[in-house]
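Predicted model only: the values in this text are computed from it and were never measured.
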Amino acid sequence: MKTEDLKDIARHAMQDRGLLPDFSQAALDQAAAMRAPQDASPAIRDLRGSLWCSIDNDDSRDLDQLSVGERLANGAARVLVAIADVDAAVAKGTAIDAHASANTTSVYTAARIFPMLPERLSTDLTSLIESDDRLAIVVEMTVSRDGEASASAIYRARVRNRAKLAYDGVAAWLEGEAPAPAKLAAVPGLEDQLRLQDEVAQALKKKRIESGALSLETIEARPVFVNGTLTDLRPDPRNRAKELIEYLMVTSNGVVANFLEAAGYPAIRRVLHAPERWNRIVALAASVQERLPDTPDAIALEALLEKRRAADPEHYADFSLSVVKLLGSGEYAVAQPGADETGKSFGHFGLAMSNYAHSTAPNRRFPDLVTQRLLKAAFVKAAPPYSVDELTGIAAHCNLQETMADKVERQVRKSAAALLLGSRIGETFDAIVTGASDKGTWVRVRRPAVEGRVTQGYVGLDVGDAVKVVLLHVDAQRGFIDFKRV
């Protein structure tokens, strides 16, 4: 099966899940007529002279964020995160906005990307591409030596990306395994910049973990194509450069949530409740001779994760994946300052944060674009562009579409894996149980890193169990991979 066949599978999967694989003609016409947004307002700061850079996947072109920093006294640092000003190009109620609000997210499948915005925007006019001037929302933070973020400000600015960098190359350099990538070395002062940002990110990480954030690790698989044919699903592990971006973005998202709350504006928060299946996490701990308290405790869970990482690094990703599955999925919810929120929780258990909003990826996620519009209203003390009822409807729809997008990505990934496993019927694999409910039992094998369903011998299995399974059957068209427990 060639790339085109997988693309057809992906397209049908989108349609089956109620997602739009194509843009309307009105949206395409709107995009074709656009130019890069401009704004001569004196309120917009000119920060184009700063050493901004982006770090993303090698093949990413929808660049949402840039970062830069400077050293302050007493080991502190000022860090700025620039977020693409998508709202400057995509007005509420337009044809492009209608498509974005329908799908609510870009969908990244093993075959192709279904962008939330037309590529003329997401990979060009609203992307923070290298060497071009762009409008941005800047989140400014002061971070102490021990990782405490404070003295934040948010404002509009003009920025210019000095270097488009990739995770793997930057990580290898930061970890001393390779020289600086050519684009990094070509910009005077940029190496010191990234060293500083890495220091800040590691300090933020340490502080977050001390506060109860979970250092979870799951290994995703990226497709490898040779001459149009899928040849592998290669693990894509975490690294130092990914952590740099992750912790700067997490902190920025917290700053944005707090800013909107302090300004008295409603907001869409990203929420992860305390896990309902905590008892199973306790049982997992007991299976490796460790103890957890009877009630959810993020700090105790993080201590366990660190012990498992040190004791069994080879299998840590499997243990971590089990915890991820048992924590459940995050969701969007609306917080309204001044309202009686008794009994409601807007915190994020995995990040140990009470206020958290998605704001740093407006090219890829609709809630981030909505948050950007709320921020702009707050800057000028205008009425919110959405009522609380509208935001509540948007949050519910985003939760649904995010679930559908995850199912599309998973189905296409399993279709790709089915292609690779087609010649291995009857082979035995080491696996870990990743799902167990009335709807079925699923396991993940290591290579290729993909999930399949246990159709025989699943009784008694639960999330986190290590098992051996035999491959019984694959169906690439439907993304079916069936195993039998040995």
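Side chain of Arg277 to main chain of Val463: no donor-acceptor pair is present (N/O by atom type, distance under 3.5 Å, no hydrogens or angles). Between the side chain of Asn103 and the main chain of Thr105, no donor-acceptor pair closer than 3.5 Å is present. At distances below 3.5 Å, not a single donor-acceptor pair connects side-chain atoms of Ser354 with backbone N or O atoms of Gly347. When atom types are taken as modelled, the side chain of Gln411 and the backbone of Ala13 share no donor-acceptor pair closer than 3.5 angstrom. The closest donor-acceptor contact from the side chain of Ser127 to the backbone of Leu63 lies under 3.5 Å.
Checking Thr109 against Glu409 by side-chain atom types alone, no donor-acceptor pair falls below 3.5 Å. A donor-acceptor contact under 3.5 angstrom links the side chains of His273 and Glu331, judged on distance only. Asn253 and Arg270 share no side-chain donor-acceptor pair at under 3.5 Å. One side chain, Thr126 or Asn363, offers a donor N or O that lies under 3.5 Å from an acceptor on the other. For the residue pair Tyr247 / Arg208, no side-chain donor-acceptor distance below 3.5 Å is found, with atom types taken as modelled. Glu243 and Asn239 form no side-chain donor-acceptor contact under 3.5 Å, judged by distance and modelled atom types alone. With no hydrogens or angles considered, no side-chain donor-acceptor pair links Tyr265 and Gln336 at under 3.5 Å. When only modelled atom types and interatomic distance are considered, Ser54 and Asn161 share a side-chain donor-acceptor pair under 3.5 Å.
A salt bridge does not link Lys7 with Asp5: none of the charged nitrogens is closer than 4.0 Å to a carboxylate oxygen. Electrostatic pairing of Asp85 and Arg158 does not count as a salt bridge here, judged by no charged N lying under 4.0 Å from a carboxylate O. At a threshold of 4.0 Å, the pair Glu402-Arg17 does not count as salt-bridged, since none of the basic side-chain nitrogens sits closer than that to a carboxylate oxygen. For the pair Arg444 and Glu451, the salt-bridge criterion is not met [side-chain N within less than 4.0 Å of a carboxylate O]. Electrostatic pairing of Asp56 and Lys164 does not count as a salt bridge here, judged by no charged N lying under 4.0 Å from a carboxylate O. With salt bridges taken as basic N to acidic carboxylate O contacts below 4.0 Å, none links Arg160 and Glu130. A salt bridge links Asp133 to Arg48: one of the charged nitrogens lies within less than 4.0 Å of a carboxylate oxygen. A salt bridge is defined here as a Lys NZ or Arg NE, NH1 or NH2 lying under 4.0 Å from an Asp or Glu carboxylate O, and Arg11 with Asp8 fails to meet this definition.
The environment of Gln15 atom CD is dense: over 12 non-hydrogen atoms of other residues, nucleotides or ligands sit within 6.0 angstrom. Annotation: Tyr458, atom OH; neighbour count of heavy atoms from other residues, nucleotides and ligands within 6.0 Å does not exceed 12.
For the pair Arg453 and Phe480, the cation-pi criterion (under 6.0 Å, within 45° of the ring axis) is not fulfilled.
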For Tyr332 and His358, what are the C-alpha separation, side-chain angles and deciding distance, and is it a ring pair (Phe, Tyr, Trp, His ring centres under 6.0 Å)?
CA-CA 9 Å; Tyr332 295 107; His358 274 171; 5.5 Å; yes

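A centroid separation of 6.0 Å or more is found between the aromatic rings of His473 and Phe483.
Annotation: side chain of Val443 is not in contact with side chain of Thr434 (no heavy-atom distance under 4.5 Å).
Checking Gln372, Arg373, Lys92 one by one against Asp87, the side chain to side chain donor-acceptor pair (under 3.5 Å) holds for a single residue, Arg373.
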